[in-house]
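The structure displayed is predicted, hence computed values, not measured ones. When a residue number appears, it is its place in the shown sequence, counting from 1.
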Amino acid sequence: MLDTEQRHHKLPEKVVLVADNVTATMLAEIPRAQLVAIVSLKGSVNSHAAIMARALGIPAVMGLDELPLFHWQSQRLIVDGYRGQILVGPAEAIVAEYQALISEDAQLSARYQSEMHLNAQSACGAPFSLMINAGLAIELESAQPSYTDGIGLYRTEFPFIMRNRFPTEAEQIELYKKVLASHPTKAVVMRTLDVGGDKALPYFSIIEENPFLGWRGIRLTLDHPEIFLVQIRAMLKANIGQGNLHILLPMISDLAEVDESLRLIKQATFELTDELAGTEVQLPKAKVGVMIEVPSIMYQLPELARKIDFCSVGTNDLTQYLLAVDRNNPRVAGLYDAMHPAVLRALHQMSLQAQGLQLPMSICGELAGEPAGVLILAAMGYDKFSMNSSNLAKIKWLLRRVNMSELHLLLPEILACQSPKQVRLHVQRFLDQKQLLNQLRA
């Protein structure tokens with residue numbers, strides 16, 4: 001009844017992880033040196049499992065449910081993440097072709113990496129701030145802190161997901177100290193616990209008919225202020241002696257949620273200040289920001305700007321909610337597209353408004369790590385991007401080869417497009433004219 005039997009297999013030298021639904025816990029159980037690809041029978045290319053795969057820089061294919069799970073055991077596979085294809089038991093000639101493609105990819109990566117030490121700027125000298133998204137332990141190990149501008153999004157939920165209970169305040173302090181110390185003197189943006197939707201805690205069950213519109217993000221933690229307060233206290237304590245903490249509030253849809261969050265942060269600050277009274281230890285003030293991912297808060301930026309220090313746009317969920325598409329549902333995955341004209345026009349309007357309000361705004365969604373996406377965002381006036389560490393070198397390399405005047409001429413054409421396909425064609429034509437298209441991979 002308890003299903004306590006454990007399956008023990010000796011892992012091959014190269015592992016393709018195939019699961020009904022790939023989770024962060026599964027990824028943590030396989031040594032990174034052996035994990036070469038992911039296949040998830042459920043989910044879509046926009047799900048968190050796919051985002052985790054991109055963070056690790058490995059190919060993934062999602063929503064492939066044609067074959068039963070155990071059919072894959074001990075099979076030799078080719079996982080083509082670019083085309084979304086799986087080849088089972090491929091012939092040696094096919095294997096040789098794919099080995100050549102892998103070599104080409106390695107050469108492109110080496111070309112990008114050769115410029116990692118250079119400044120992040122356009123060909124005309126316009127500066128950019130490039131940060132990394134983190135949360136999986138492997139990301140901190142693979143990032144190059146000296147060549148980045150800090151951590152633009154640290155997903156605190158993954159350490160919660162990988163445990164069988166809520167981490168204590170002391171455990172969180174230890175973890176957050178390491179994260180803050182990994183980028184000394186540079187901003188580290190820590191998002192408060194963001195579970196719900198397709199990110200479930202194994203020890204805190206949430207069963208809802210429509211989880212993406214339900215009890216998730218700040219809604220959950222404000223209903224359980226004891227969880228929120230412990231996490232904020234841990235962040236503030238870890239920031240002692242560092243001073244680079246930025247706190248980010250997820251899934252904000254209403255100004256009242258911001259007010260209540262700020263009240264609790266103030267309470268935690270008072271508690272810690274009282275505890276430190278009589279010592280020489282100073283508690284640094286952390287900056288507080290809001291994730292722009294629910295459309296309602298887009299229309300309250302003037303009021304928001306008076307309450308917080310910065311904003312970070314989560315293009316993944318913002319796209320999902322603007323287009324009314326469950327990004328984890330393979331049936332409607334084709335409708336989800338961050339290049340949709342409505343999404344791009346919303347991002348443009350936000351950029352103009354944020355500039356007028358002098359409200360610092362960055363992009364931390366997947367769009368910031370895509371070549372076409374980052375060019376359009378730069379044309380709109382965004383200059384601060386956070387992405388998976390595996391994409392950073394490519395994005396820096398690309399930005400160094402474009403002029404802002406060229407991007408400003410491209411923007412009206414993009415905003416006039418009527419479909420994501422048209423948007424991509426315009427960007428491809430632009431890259432082709434600059435002889436950059438054949439040097440980039442999706």
* To do: Check whether any side-chain heavy atom of Phe160 sits under 4.5 Å from a side-chain heavy atom of Asp194, and report yes or no.
  => no
Any salt bridge linking [X] with [Y]? Criterion: basic side-chain nitrogen under 4.0 Å from a carboxylate oxygen.
{"X": "Lys177", "Y": "Glu174", "result": "no"}
{"X": "Glu115", "Y": "Arg401", "result": "yes"}
{"X": "Glu171", "Y": "Arg165", "result": "yes"}

Item to complete: Measure from the ring center of Phe212 to the ring center of Tyr321 and say whether it is less than 6.0 Å.
Response: no
Using the ring centroid of each side chain, check whether Phe204 and His224 are separated by less than 6.0 Å. yes
Looking at [X] and [Y], what are the two nearest heavy atoms and their distance?
{"X": "Phe128", "Y": "Phe385", "answer": "CD2-CE1, 3.7 Å"}
{"X": "Ala368", "Y": "Ser386", "answer": "CB-O, 3.7 Å"}
{"X": "Asp326", "Y": "Val332", "answer": "O-CG2, 3.7 Å"}
{"X": "Ser261", "Y": "Leu249", "answer": "CB-CD1, 3.5 Å"}
{"X": "Ile218", "Y": "Pro250", "answer": "CB-O, 3.1 Å"}
{"X": "Gly241", "Y": "Pro284", "answer": "N-CG, 4.4 Å"}

Backbone N/O of [Y] and side chain of [X]: donor-acceptor pair under 3.5 Å:
{"X": "Glu366", "Y": "Asn316", "value": "no"}
{"X": "Asn403", "Y": "Ser122", "value": "no"}
{"X": "Asn244", "Y": "Leu180", "value": "yes"}
{"X": "Tyr147", "Y": "Asn119", "value": "no"}
{"X": "Tyr382", "Y": "Leu347", "value": "yes"}
{"X": "Ser40", "Y": "Met62", "value": "no"}

| Just wondering, more than 12 heavy atoms not from Glu226 lying within 6.0 Å of its CD? | yes
Determine whether more than 12 heavy atoms belonging to other residues, nucleotides or ligands lie under 6.0 Å from atom NZ of Lys287.
-> no
So side chain to side chain donor-acceptor pair (under 3.5 Å) across residues 296-309, not counting sequence neighbours, yields Asp259-Lys307
Given the options Val427, Leu407, Leu367, Leu415, Ile376 meets side-chain contact (heavy atoms from CB on, under 4.5 Å) only with Val427
With a 3.5 Å cut-off and no angle check, do the side chains of Gln439 and Tyr112 form a donor-acceptor pair? no
Handout entry: Any donor-acceptor N or O pair under 3.5 Å, side chains Gln267, Glu271
Key = yes
